Amino acid sequence: MEKGIKRVCAAGMVLGLSAGMLAGCGGGAGQGEPKSIRIGVSVYDQYDTFVSQMMTDFNEYAARREEETGVVISIEIYNAAGSQTTQNSQVEEMLDDGCDVVCVNLVDRTEPTTIIDMAEKNQVPVIFFNRELVEEDLERWNQLYYVGAKAFESGVMEGEIAADSFKEHPEVDRNGDGIFQYIVLEGEAGHQDAIVRTEYAVSTIVENGVEVEKLGYAIANWNRAQAQTKMTQMLSEYGTEIELVIANNDDMALGAIDALKASEVDREEWPVIVGIDGTDVGLAAVAAGEMAGTVYNDKKGQAQAMLDLAYELSVDGDLTELDLEDGKYIRLPYAKVGPDEVETYME
Ligand code: GAL
């Protein structure tokens with residue numbers, strides 16, 4: 001087994017997983033089916049907590065599929081480190097290397113054209129994931145797919161958790177004015193999840209009969225340290241007037257918690273904090289009562305769906321079992337995780 005081999009290339013880290021089993025060992029690979037397949041993956045930023053946990057699940061599931069099928073699954077994961085130009089070169093390298101399919105977590109979801117053109121020229125299918133491109137781009141060629149989640153659902157669920165907190169715990173309305181004063185910590189500007197989550201979280205709170213007042217917002221790019229800085233600034237401006245922190249993901253909710261811990265605000269005076277993702281650290285914060293809840297972004301389900309799709313595309317297999325929406329999309333549902341559910345998700 002050569003699991004976890006690391007080689008460094010100009011563009012950043014490449015993590016290779018391959019040859020979990022020798023081809024044919026205990027395998028289900030029938031006559032005429034390939035003995036090995038090669039999948040290239042490029043992630044927008046290897047330090048993104050959710051994406052890196054999804055990649056761990058992807059590798060683990062690939063090893064299981066290897067054992068089940070007897071087909072060697074080689075995976076190379078590249079880090080685009082926030083550069084679309086780097087990512088384009090990585091995809092070019094994967095195509096030169098003979099990858100059967102490439103999985104792309106776009107850096108800039110509005111710039112998929114170079115990748116699509118190269119892939120079409122080489123007749124190699126592309127699975128985009130997590131950072132959703134517009135439908136028109138996905139329609140440019142019939143071998144383009146998207147694996148992700150139902151973005152609006154996460155916002156609705158986050159809003160429900162916040163509304164329930166307000167209704168079930170009157171003390172969270174610190175100033176007793178019957179209005180939930182909130183701030184938002186947003187992901188990247190222009191990211192489909194950031195836009196949709198903020199919109200639906202707020203509208204859902206209102207639809208659930210809770211009046212809201214927005215005190216402020218800040219873009220923190222899904223990042224814990226940036227969120228801590230932004231929250232520190234907002235705390236100095238609004239202090240304990242902030243009754244609710246709506247974070248577009250768990251890492252930013254945790255950044256808000258870091259800021260609160262470093263501030264003079266007493267634990268009893270903390271605002272309600274809600275997040276999205278259900279990362280390991282996010283779940284731990286729910287279990288500790290620091291976050292009111294999170295919304296589970298099914299990284300395992302998305303990793304498995306992406307591997308299953310990549311596998312079938314590589315072996316020219318059957319896609320009908322995969323339940324593709326419009327022949328192109330796989331979108332996994334979210335789930336609410338409060339104190340009652342958190343144990344189940346913490347495994
Ligand atoms: C979102 C996720 C964020 C971040 C982002 C990156 O779906 O909730 O935490 O990983 O994707 O594109």
Side-chain angles (χ1 to χ4, degrees), residues 41-58 77-84 87 103-112 127-134 146-159 161 184-201 219-228 230 245-257 273-286 291 293-303 305-306 329-337 345:
V41 184
S42 172
V43 297
Y44 89 103
D45 173 10
Q46 69 168 326
Y47 297 108
D48 179 292
T49 309
F50 173 77
V51 171
S52 79
Q53 289 190 359
M54 185 185 161
M55 284 301 104
T56 305
D57 289 338
F58 189 69
I77 301 178
Y78 292 72
N79 175 26
S83 159
Q84 190 57 59
Q87 186 163 65
C103 301
V104 181
N105 179 218
L106 279 168
V107 174
D108 181 345
R109 70 189 192 100
T110 65
E111 290 291 340
I127 305 173
F128 294 99
F129 67 100
N130 168 264
R131 298 161 74 85
E132 188 166 349
L133 54 172
V134 293
Y146 178 74
V147 174
K150 302 179 179 173
F152 75 93
E153 205 180 72
S154 52
V156 169
M157 290 180 175
E158 189 176 38
I161 296 171
V184 187
L185 289 168
E186 293 197 1
E188 290 159 273
H191 189 299
Q192 86 282 350
D193 284 337
I195 301 164
V196 170
R197 286 175 184 174
T198 303
E199 185 186 326
Y200 279 90
I219 292 175
N221 295 309
W222 309 117
N223 181 283
R224 182 168 178 162
Q226 288 184 36
Q228 178 175 1
K230 299 287 167 72
V245 177
I246 302 173
N248 281 170
N249 77 343
D250 284 354
D251 263 16
M252 295 189 294
L254 290 158
I257 292 170
I273 301 164
V274 285
I276 293 176
D277 273 345
T279 52
D280 296 345
V281 272
L283 293 172
V286 175
M291 271 165 73
T294 185
V295 178
Y296 188 69
N297 191 357
D298 189 358
K299 51 187 180 299
K300 209 165 237 155
Q302 290 167 49
M306 187 159 87
Y329 292 93
I330 300 181
R331 288 200 182 90
L332 277 288
Y334 286 92
K336 274 192 267 187
V337 186
Y345 285 85

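In each ligand, atom 1 is the first atom listed, and ligand 1 is the first ligand listed. As the structure is a computational prediction, the values presented were derived from the model and not from experiment. Quick note: residue numbers are just sequence positions, from 1.
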**OP:** For ligand 1, note which part of N297 has a heavy atom under 4.0 Å away: side chain, backbone, both or neither.
**Re:** side chain
Original post:
Any idea how W222 and H191 line up, ring-wise: parallel (<30°), tilted (30 to 60°), or perpendicular (>60°)?
Top reply: perpendicular
Original post:
Can a non-hydrogen atom of R197 be found less than 4.0 Å from any atom of ligand 1?
Top reply: yes
**OP:** Please name all residues satisfying ring pair (Phe, Tyr, Trp, His ring centres under 6.0 Å) with F50, sequence neighbours left out, ordered by chain then number.
**Re:** none
**OP:** Ignoring hydrogens and angles, state whether a donor on the side chain of D108 or Q84 is under 3.5 Å from an acceptor on the partner side chain.
**Re:** no
Original post:
Polar-atom distance check: H191 versus ligand 1, any N or O pair below 3.5 Å?
Top reply: yes
**OP:** Return yes if a side-chain donor-acceptor contact under 3.5 Å exists between D250 and T49, otherwise no.
**Re:** no
Original post:
Taking only residues two or more places apart in sequence, or in another chain, which ones meet S42 in a side-chain hydrogen bond (donor to acceptor under 3.5 Å, both in side chains)?
Top reply: Q87, Q90
Subject >> ligand 1 N/O within reach of R131 N/O, cut-off under 3.5 Å >> reply: yes
**OP:** Kindly assign one of parallel, tilted or perpendicular to the pair Y345 and Y296, based on the angle between their ring planes and the thresholds 30° and 60°.
**Re:** tilted
**OP:** Among all protein heavy atoms, pick the one closest to atom 10 (O) of ligand 1 and tell me residue, atom and distance.
**Re:** D48 OD1, 2.7 Å
Original post:
For atom 1 (C) of ligand 1, which protein heavy atom lies nearest, and how many Å away is it?
Top reply: D193 OD2, 3.3 Å
Original post:
So which heavy atom in the protein is nearest atom 6 (C) of ligand 1, and how far is it from that ligand atom?
Top reply: N130 OD1, 3.4 Å
Original post:
Has ligand 1 got any nitrogen or oxygen that is less than 3.5 angstrom from a nitrogen or oxygen of N249?
Top reply: yes
Subject >> A253 versus I273, closest heavy-atom pair with distance >> reply: CB-CG2, 3.8 Å
Original post:
Considering only heavy atoms of F50, which atoms of ligand 1 have at least one such atom less than 4.0 Å away?
Top reply: 9 (O), 10 (O)
**OP:** Tell me which protein heavy atom sits closest to atom 8 (O) of ligand 1, plus the residue, atom name and distance to 0.1 Å.
**Re:** D277 OD1, 2.6 Å
Original post:
Is it true that the side chains of Q302 and N297 contain a donor and an acceptor less than 3.5 Å apart?
Top reply: yes
Original post:
Any non-hydrogen atom of I276 lying under 4.0 Å from ligand 1?
Top reply: no
